[in-house]
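Before any comments, here is the structure.
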Protein chains: 2
Amino acid sequence: MVRSSGTKRAILDAALELAATRGITGTTMDDVAERAGVAKGSLYYNFSSKDQLFEALLEEGVGSLADALREARGELVGWAAIEALVAALLDRIAANAALAKLMASEIFRTDRAWQKTLFALRHEALTVFAEAIEQADAAAAASAGTAAPGAGASTIMASSVFGAVLMSGLEWLVFEPERSRDEVAAAILASLSGALAPRPS
Amino acid sequence: MVRSSGTKRAILDAALELAATRGITGTTMDDVAERAGVAKGSLYYNFSSKDQLFEALLEEGVGSLADALREARGELVGWAAIEALVAALLDRIAANAALAKLMASEIFRTDRAWQKTLFALRHEALTVFAEAIEQADAAAAASAGTAAPGAGASTIMASSVFGAVLMSGLEWLVFEPERSRDEVAAAILASLSGALAPRPS
DNA sequence: GTCTATAGAGAGATAGAC
DNA sequence: GTCTATCTCTCTATAGAC
């Protein structure tokens with residue numbers, strides 16, 4: 001969030017908005033310069049290359065995600081922690097749909113210059129979910145007197161929950177924007193809370 | 001699946017493999033020609049443009065998804081239908097990871113030449129999930145004597161379940177390939193069956 | 001620190017021989 | 001039906017004035 005002259009911010013904002021619809025490779029430096037209202041030379045004064053510009057963009061955007069999730073979780077445990085994490089992630093997606101789109105399209109690419117950076121950030125965010133899931137899983141299993149079904153697979157369960165929120169959040173924002181935030185959050189939580197499964201008596 | 005001379009198939013296969021890692025925009029027609037073992041002129045003999053080539057690719061790949069899902073669901077109802085759909089989708093992702101990656105990165109793009117085609121195919125696949133979810137939701141609610149929580153929001157719940165499977169499937173294939181298929185399927189189903197939620201007594 | 005102008009490489013697409 | 005050769009345009013990146 002270095003502000004320097006404001007030019008850097010304008011460039012990053014323009015790059016994000018363009019890349020959200022065209023993708024990174026489909027966004028040209030000329031496009032970014034025009035949208036940011038600066039000359040192309042200024043792009044290369046502030047960022048050494050196109051790759052480096054988008055790496056900085058992803059680092060700024062995704063980098064704060066894990067912190068936001070940790071803050072949302074706070075001291076909550078069990079299902080309450082899951083609810084808080086889902087709501088926080090959904091809010092962040094809604095507040096920054098462009099970044100969410102970009103993340104969805106870049107997260108499984110393995111040929112990028114910024115691959116290591118993005119992998120680390122993604123891993124950090126997933127870990128917050130995984131920790132909450134391990135704890136909730138064990139607690140729910142203990143109270144029901146059964147074995148925790150997700151033992152050892154909490155990173156898969158974490159990506160499952162993360163994917164559920166990301167996909168429905170974007171489905172909402174891109175294709176069904178008339179729905180309310182609460183409606184979307186409720187539907188996601190319903191799908192995760194066993195509303196579809198038979199209740200063991 | 002028109003086979004003509006085999007050249008068309010070779011081109012489509014090469015294009016898919018390349019686009020899975022580099023993205024469509026990042027894949028050049030020269031790359032595709034080299035990988036397919038044909039000259040670039042043959043690409044344009046079989047497909048009128050790069051856009052048309054990738055539209056055909058997505059149509060072939062995603063187009064058969066809804067059929068496969070409908071077949072997996074069969075006559076199953078309730079949670080059994082959800083289990084079958086999740087397993088079938090996971091199997092398809094595992095069998096064609098390249099296409100799954102491509103779909104994940106293209107599904108929310110709104111500036112593509114083939115946008116309408118992809119939207120329709122995506123909608124068709126989601127509808128299979130939504131129908132099963134509506135039915136399972138109502139059944140579970142009836143047997144528990146509560147209101148169906150997802151009433152009216154089955155498309156959001158469908159994308160939630162779809163997103164859960166897609167994201168964990170790719171997490172598995174790209175980052176944790178040492179896990180077994182059954183382990184992954186179990187973790188996804190656990191996250192959807194309410195393993196994390198407190199059981200109402 | 002920002003601009004204009006341009007170099008140099010790489011892209012999609014076509015023409016015409018075989 | 002497949003090839004080689006090439007056209008034309010666009011892209012990243014740099015040079016140098018202000």
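Not measured: the values here are computed from a predicted model. Throughout, a chain's letter reflects where its sequence line sits, starting with A, and its residues are numbered from 1.
- The existence of a salt bridge linking A/Arg179 and A/Glu171 is excluded, since no basic side-chain nitrogen approaches an acidic carboxylate oxygen closer than 4.0 Å.
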>> Using a 4.0 Å heavy-atom cut-off to protein, can you give one letter per nucleotide of nucleotides 12-18 of chain C, 5' to 3': B if the base is in contact, S if only the sugar-phosphate is, - if neither?
In response: BBB----
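- Put simply, CD on A/Gln52 is 15 Å from C1' on D/dT12, counting in whole angstrom units.
- Applying the 4.0 Å criterion to OP1 and OP2 of C/dG1, one finds that A/Ser42 has every side-chain N and O outside that range.
- As rounded to whole Å, 16 Å separates atom C1' of D/dT14 from atom CG of A/Asn46.
- Distance, A/Leu43 CG to C/dG1 C1': 13 Å, rounded to whole Å.
- For residues 124-134 of chain A, the salt bridge (Lys or Arg N to Asp or Glu O under 4.0 Å) pairs, not counting sequence neighbours, are A/Arg70-A/Glu124, A/Arg73-A/Glu131.
- Candidate nucleotides D/dC3, C/dT4, D/dG1 were compared by shortest atom distance to the side chain of B/Tyr45, and D/dG1 ranks first.
- Judged as a salt bridge (Lys or Arg N to Asp or Glu O under 4.0 Å), the pairs with a partner in residues 27-46 of chain B (not counting sequence neighbours) are, in order, B/Glu17-B/Arg35, B/Arg22-B/Asp31, B/Asp30-B/Lys40.
- For A/Ser64, the side-chain contact (heavy atoms from CB on, under 4.5 Å) partners at least two apart in sequence or on another chain are A/Arg92.
- We find that NZ of A/Lys8 is positioned 15 Å from C1' of C/dT2, with the value rounded to whole Å.
- For A/Gln135, there are no side chain to side chain donor-acceptor pair (under 3.5 Å) partners, not counting sequence neighbours.
- Distances shown here put a side-chain N or O of B/Thr7 below 4.0 Å from the OP1 or OP2 atom of D/dT2.
- Sorted by first and then second residue, the salt bridge (Lys or Arg N to Asp or Glu O under 4.0 Å) pairs with a member in residues 78-89 of chain A form an empty list; sequence neighbours excluded.
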